[in-house]
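One structure is given here, and the rest of the page talks about it.
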Amino acid sequence: MSKRLNALSTQLDAPLLVTDLTNVFYLTGFESSNAALLVQPGGGATLYTDFRYVEAAREVSDVEVELTKRTMMADLGERLKGRVQFEADVLPYVEWERLSAGRAKLVPTHGLVDGIRAVKEEEEIAKLRKAARIADRGFEALTAETFIGRSEKEIAWRLRELLHAHGADDLSFDTIVASGPNGALPHAHPSERIVDRGTLVTVDWGVRVDGYCSDCTRTVSTGGLPNELRRAFDVCLEAQKRACASVKAGMTGVDADAIARDPITDAGFGASFGHGLGHGVGLMVHEAPRLSTESTDTLQPGHVVTIEPGIYLPGVGGCRIEDLAVVREDGVELLTSFPKELIEVR
Ligand code: ZN
Ligand code: ZN
């Protein structure tokens with residue numbers, strides 16, 4: 001039985017029906033758009049899928065394979081009985097209805113596989129490191145080109161080409177290019193806005209390599225900045241560096257967040273940093289754990305997280321600086337390496 005399945009089964013006191021397709025992939029290496037995995041306490045697992053994928057499923061080792069109808073939860077409702085745990089955060093209500101129409105007694109669980117998946121094996125970290133490096137190189141090539149006079153959309157598209165040329169399989173999410181006042185929107189979509197002189201441009205991008213995601217943000221300038229914006233950048237950079245120097249295993253997500261949040265608040269920008277410090281990254285670009293004022297997580301060695309404070313000034317602009325980091329016993333190892341000090345682009 002695989003190490004991952006084993007780690008999960010030892011945590012169970014009743015069978016767990018895994019329906020999150022990324023979790024199914026993580027546990028078995030099986031990729032499909034319709035599958036579920038029933039993992040037994042103490043070992044043994046059954047992989048369910050429909051006709052389209054069943055031949056591929058038979059290649060998976062360590063699992064029994066059962067063919068189901070395409071409406072899988074209705075079918076499983078008729079097969080399963082006794083206590084069956086399910087992933088309450090991802091099973092849609094209608095699927096829960098279908099499943100619960102059968103004989104099984106359904107028990108909700110939260111984040112069982114996600115907790116295991118959050119702690120990366122060194123092999124996974126190597127893939128994340130590779131993704132981060134490709135992302136760095138693509139962006140480095142972009143900064144050698146012109147920003148001023150190009151639209152945000154055009155820059156985002158050009159970065160995509162450069163990332164592809166440097167070896168990315170795909171983007172891990174839609175690139176954000178936010179210039180001038182658009183920088184005040186943490187999740188701005190690249191617009192037709194033409195990048196101006198004398199402002200900040202925030203670029204948040206990531207690639208997928210060998211199934212693993214990268215996530216990085218840099219904020220660059222297009223020349224002399226308004227004082228408030230320059231100060232916001234300096235405060236954000238100091239806070240980000242402070243978090244990179246202090247975050248380590250054993251710390252709660254709340255405490256990690258506070259390392260960057262406190263100096264930003266002390267500088268008077270507290271209300272302008274409205275999101276958490278970071279999130280886990282792996283097979284998905286947003287996964288466990290969370291670093292925020294609302295987090296319930298504690299950092300463990302092998303967690304891979306972003307460290308991304310931002311300051312957003314409505315009508316003026318904004319900045320965010322984001323690194324991808326492996327949590328170690330005594331600190332973090334950064335996977336992103338492009339300089340984060342303010343650079344000026346043309
Ligand atoms: Zn990002
Ligand atoms: Zn992020």
Side-chain angles (χ1 to χ4, degrees), residues 22 114 117-118 120 125 127-140 142-143 152 155-156 159-160 162-163 168 170-179 182-190 200-209 212-220 233 236-237 239-241 243-244 247 253 256-257 259-261 264 272-295 297 299 303-312 317-327 332-340:
T22 306
D114 308 74
R117 208 175 95 192
K120 270 67 182 179
I125 292 171
K127 290 177 180 171
L128 289 159
R129 188 180 287 117
K130 185 175 165 193
R133 192 169 300 150
I134 286 170
D136 280 344
R137 288 191 181 145
F139 185 72
E140 185 180 17
L142 182 73
T143 58
E152 294 170 352
I155 292 169
L159 178 58
R160 186 180 187 129
L162 290 166
L163 293 168
D170 202 350
L171 298 182
S172 54
F173 59 92
D174 288 339
T175 303
I176 294 171
V177 177
S179 69
N182 290 347
L185 310 168
H187 276 186
H189 289 287
L200 291 176
V201 185
T202 303
V203 183
D204 188 349
W205 78 103
V207 301
R208 199 181 289 271
V209 177
Y212 283 80
C213 299
S214 76
D215 188 6
C216 180
T217 307
R218 290 293 181 262
T219 300
V220 298
F233 181 91
C236 185
L237 178 63
Q240 205 273 351
K241 283 181 167 174
C244 290
V247 169
D257 177 272
I259 294 169
R261 191 169 303 280
I264 290 175
S272 309
F273 174 24
H275 57 74
L277 180 65
H279 54 86
V281 178
L283 289 170
M284 297 293 281
V285 74
H286 290 111
E287 54 178 56
R290 301 278 160 178
L291 284 63
S292 78
T293 55
E294 298 165 42
S295 172
D297 300 316
L299 293 176
H303 277 165
V304 172
V305 299
T306 65
I307 296 176
E308 51 175 311
I311 296 175
Y312 310 94
C319 58
R320 179 167 65 257
I321 301 165
E322 173 180 33
D323 279 320
L324 189 58
V326 187
V327 177
V332 298
E333 175 200 343
L334 295 185
L335 299 180
T336 34
S337 63
F338 190 83
K340 53 197 172 193

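All ligand and atom numbering here is 1-based and tracks the order in the structure. Reckoned from all heavy atoms, side chains included, excluding hydrogens, waters and symmetry mates.
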Atom CH2 of Trp205 and atom CD1 of Ile155: how far apart are they, to the nearest 0.5 Å? 13.0 Å
Is it true that a side-chain atom of Thr306 and a backbone atom of Gly278 form a donor plus acceptor pair closer than 3.5 Å? no
Does a side chain donor of either Glu152 or His189 reach within less than 3.5 Å of an acceptor in the other side chain? no
Before you tell me yes or no, could you show the steps for His303 and Asp297 under side chain to side chain donor-acceptor pair (under 3.5 Å), namely the whole-Å CA-CA distance, both residues' side-chain angles and the distance that decides it to 0.1 Å? CA-CA 11 Å; His303 277 165; Asp297 300 316; over 6 Å; no
So that I can check it, does any N, O or S atom in His279 come closer than 2.8 Å to the Zn ion (ligand 2)? yes
Should the pair His286 and His187 be assigned to parallel (<30°), tilted (30 to 60°) or perpendicular (>60°) ring geometry? tilted
What protein N/O/S atoms lie closer than 2.8 Å to the Zn ion (ligand 1)? Asp204 OD1, Asp204 OD2, Asp215 OD1, Glu322 OE1
What residues form a side-chain contact (heavy atoms from CB on, under 4.5 Å) with Lys340, not counting sequence neighbours? Arg218, Leu237, Gln240, Lys241, Cys244, Ile321, Asp323, Leu334
